[in-house]
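Note that the structure is predicted; figures quoted are calculated from it, not measured. A note on names: the letters A, B, ... follow the listed sequences, proteins ahead of strands, and every chain is numbered from 1.
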Amino acid sequence: MASGTILHVNAIGIMAAIEEIRDRSLRGRPFVVANALSPRAVVLDLSPLAHREGLRRGMVLSVARDLRPGIEVRPPRPELYRAAEEALWSVGLGYTPLVERAGRGHLFIDLAGTRRLFGAPEDAAQKLRGRIMEETGLSPSIALSSNKTVSKVSTRVFRPAGFVALSPNEESSLVRMQPVGLLPGVGPALLGRLDLLGIDEIGDLADLSESEARAIGPRGPELVAKARGIDASPVDPEPPERRAVAGEIVFEPDTTDPEVLGLRSGALVAELAFSLRKDGLGARRALIELTYTDGLRSSAHAGAARVLARDDELLVLALTALERARKRRVRVRRLGLKLSDIESAGPELDLFEPEDLRLSRLQSALDRIRGRFGFAAIEPCSLLAARA
Amino acid sequence: MDSPPGPLADIRIGTSGYDYPEWERVLYSKGIGRKEYLGAYSEVFGTLELNFPYYGMPKPETIRELMARARRPIDFAIKANQALTHKINPATWKDSVEEFAKGIAPLHESGRLCAVLLEFPFSFRYRDEERRYLDKALKALSAFPLVVEFRSAQWFNARVIDGLKARRVGLCSVDLPRLEGLPPLSDLVTSETAYVRFHGRNEATWWNGDAGTRYEYLYTRDELDAWVPRLEAMSTQAKNIRVYFNNHRRGDAPTNARQLMALATAAKLI
């Protein structure tokens, strides 16, 4: 039985791992990485032992200290982490140009066509693992299968520092038995909803009918396909900084009206965000380029700390960039918007986050209508008025 | 401050069993006598997996005698008796645990017991009854360093893995033929002790051969070489790594064990 060729490299806890590599005395001890000097510092990363003791990423440092008095705190060293990520990327490129960055410490690598150079995919994967350890000291979890979803689920099972290689006829049985929370795209809130429906394992999700899949939400059918181990998305070697979706508006007539600029930007954001969500993606960065009536141009961008997928979140980002870009009181002829730093939205795309339930439901309903009847099927009234 | 590099884990490589006359001229000198085998073995390898306790309950005096025969203080893994893994009698298994525990106590007390291996057969599936039994057996034997080996792929799921981690029980990585229903090609450290067993990759005899021909296989250098990064990755997570070759026919096990030791030494893992 031959293994698939899609390798997922999952360097979970890359910050803590690097701190351990740099100081071996930390090995086997609980510690966290956090900027202790910041008044509202949060735990950026933590050692496996700290995790076992109940601490979590994103936890406020003072809470972590209450839970585990005397916990060792190491300050973050972003330059080291960036260098390690670059090294991971370079090692992957030594085997094939088909290397995709998929978030912090995550790579997808397609080893198809490398057999004559590096042997069978499982052997190539081991060589690559050895190179990663040699170059960075990291020992990530790695998994081979025929597609990105199965490989990603597998590294979440065989972690940390584990390895698994699956042939196509082993994939379904292994994936089906895993907890549904390990399926990419199932976040904490959707997990709660699935729990109410009695869906505990990925196999339970895979067995849903088409209509049952739609009832879960707009991404239900896609999730069910993934649960069945079906994922045709290719490994995308384009670096994320070059990956973007873009669109433009030409104002007729030219305008200086901030309300019109804002409303039309909102429509463009909705269109671009919808195209991202269909692929389970979100963006971290918005770039606005303005062309004025006199031909002069200006541009500005805005960034977010996490991947944003909802229309309202991305609109805030785009409007921030617009405000920064609009430095002249001259009529605007053209507005270009580019959403970049695109990544898998993962749990962030969960449409049932309790704190934003109303907005999430609205987004879900809009996506469902647009998915069925086309993007132009529904628009805000204010936009119709602006066009009139 | 950066720390100096060096081996992260105590890695020892050996074989499953040692008492094979056909290993003469491979590992033992011709005609040295079976009582000398263990002494000779201990001069080459630092660990040994004892599989005779699987067939018959170990006796404390037998275990003491074995320890005395080793010329160097090697450590031992012990394969649990079949009454605990293959022929489980719900009425008597607790008595079997007691008898087994008493038998291996001298080894445990001497600090030379590296693991008790519970090898469960292919027929031991991921079902409620088996899950409950596994939980009870692991509790009953929790005084010992434990490792489980599953021969069914059904056990390779996140709940089992998390359960093993919580109980500090090792998951045995197996090198065997890639046949449907058998464990996937994988490795993962779930306790202080990482454990690897090489059963050979003889697809033709796995289901159709006997206890001997099933394990008839000599690993190539390339196949062993692919294990070096796997051991290295394990060494970042485990304190001890124990590796045993079970392809005992014709002396293939000690041959391959020596080859892997050479590769691991060259990679500065040992």
Side-chain angles (χ1 to χ4, degrees), chain A residues 1-3 17 20-28 48 52 119-134 137-145 153-154 156-167 169-171 173-179 181-182 200-203, chain B residues 1-9 125-126 152-162 165-166 168 171 173 175 177-190 192 194 196 201 203 220 222-239 263 267-269:
Chain A
M1 293 197 298
S3 306
E20 260 189 39
I21 291 162
R22 305 286 291 195
D23 181 356
R24 292 268 289 274
S25 71
L26 287 173
R27 195 169 183 238
R52 220 172 290 153
E122 55 270 27
D123 295 336
Q126 290 307 334
K127 286 172 187 156
L128 193 142
R129 188 189 205 183
R131 287 281 298 147
I132 288 174
M133 284 188 280
E134 206 176 306
L138 294 168
S139 45
S141 297
I142 58 172
L144 266 175
S145 79
V153 169
S154 301
R156 288 173 169 184
V157 176
F158 289 81
R159 68 184 162 80
F163 159 67
V164 62
L166 299 171
S167 63
N169 53 352
E170 289 174 315
E171 290 175 2
S173 55
L174 186 123
V175 169
R176 286 183 64 87
M177 292 184 302
Q178 309 307 332
L182 297 188
D200 299 325
E201 295 183 354
I202 293 177
Chain B
M1 195 177 143
D2 292 2
S3 309
L8 290 167
R125 304 294 175 88
Y126 185 69
S152 164
Q154 292 182 352
W155 291 91
F156 288 76
N157 68 62
R159 287 193 182 90
V160 174
I161 287 168
D162 288 345
K165 285 177 185 168
R168 297 172 193 267
L171 174 64
S173 296
D175 190 298
R178 297 193 71 185
L179 296 169
E180 204 157 349
L182 293 183
L185 181 60
S186 61
D187 56 63
L188 182 69
V189 176
T190 56
E192 283 189 353
V196 185
R201 301 180 186 178
E203 289 184 14
T220 65
D222 279 354
E223 286 168 343
L224 296 176
D225 209 23
W227 267 94
V228 173
R230 295 177 72 173
L231 294 178
E232 192 179 356
M234 286 177 163
S235 74
T236 64
Q237 306 294 316
K239 278 190 179 163
L263 291 169
K268 299 192 171 104
L269 295 179

Asks: Of all heavy-atom pairs between B:Ala158 and A:Val157, which one has the smallest distance, and what is that distance?
Replies: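 In this case the closest contact between B:Ala158 and A:Val157 is N-CG1, 3.9 Å.
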Asks: What part of B:Lys239 lies closer than 4.5 angstrom to a heavy atom of chain A: side chain, backbone, both or neither?
Replies: neither
Asks: Taking side chain as everything from C-beta outward and backbone as N, CA, C, O, which of these in B:Leu179 sits under 4.5 Å from a heavy atom of chain A? Side chain, backbone, both or neither.
Replies: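 Backbone of B:Leu179 only, per the 4.5 Å heavy-atom cut-off to chain A.
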Asks: Chain A heavy atoms under 4.5 Å from B:Ala238: which part of the residue, side chain, backbone, both or neither?
Replies: backbone
Asks: Work out which heavy atom in A:Pro160 is nearest to a heavy atom in B:Leu188; give both atom names and the distance.
Replies: O-CD1, 3.7 Å
Asks: Within the 4.5 Å heavy-atom criterion, are A:Lys127 and B:Pro229 side-chain neighbours or not?
Replies: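 No - every pair of side-chain heavy atoms lies 4.5 Å or more apart.
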Asks: Just jot down the side chain to side chain donor-acceptor pair (under 3.5 Å) partners of A:Arg27, sequence neighbours excluded, or say none.
Replies: none
Asks: I'd like to verify something: which residue of A:Arg52, A:Glu201, A:Glu134, A:Arg176 has the highest number of heavy-atom pairs under 4.5 Å with chain B?
Replies: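 Of A:Arg52, A:Glu201, A:Glu134, A:Arg176, A:Glu201 has the most heavy-atom pairs under 4.5 Å with chain B.
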Asks: Are the side chains of B:Arg178 and A:Glu170 in contact, using a 4.5 Å heavy-atom criterion?
Replies: yes
Asks: Is A:Met133 in contact with chain B via its backbone, its side chain, both, or neither, using a 4.5 Å heavy-atom distance?
Replies: side chain
Asks: Under a 4.5 Å heavy-atom cut-off, does chain B meet the side chain of A:Ser3, its backbone, both or neither?
Replies: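 Answer is both: backbone and side chain atoms of A:Ser3 are under 4.5 Å from chain B.
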Asks: Quick one: OG on A:Ser167 to CG on B:Leu185, what's the gap to the nearest 0.5 Å?
Replies: 10.0 Å
Asks: Which heavy atom of B:Ala226 sits nearest a heavy atom of A:Gln126, and at what distance?
Replies: O-CG, 3.6 Å
Asks: If you look only at pairs with a residue in residues 227-238 of chain B, which of them pass as a salt bridge (Lys or Arg N to Asp or Glu O under 4.0 Å), with sequence neighbours excluded?
Replies: B:Asp187-B:Arg230
Asks: Please look at A:Ile142 and chain B and tell me whether the side chain, the backbone, both or neither of the residue comes under 4.5 angstrom of a heavy atom of that chain.
Replies: neither
Asks: Heavy-atom cut-off 4.5 Å, strictly under: side chain, backbone, both or neither for B:Glu223 against chain A?
Replies: neither
Asks: With chain B as the partner, which of A:Ala143, A:Ala2, A:Pro48, A:Ala161 has the greatest number of non-hydrogen pairs under 4.5 Å?
Replies: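 Top count of heavy-atom pairs under 4.5 Å with chain B: A:Ala161.
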Asks: Select, from A:Ser173, A:Gly162, A:Ala165, the one with the greatest count of heavy-atom pairs under 4.5 Å involving chain B.
Replies: A:Ala165
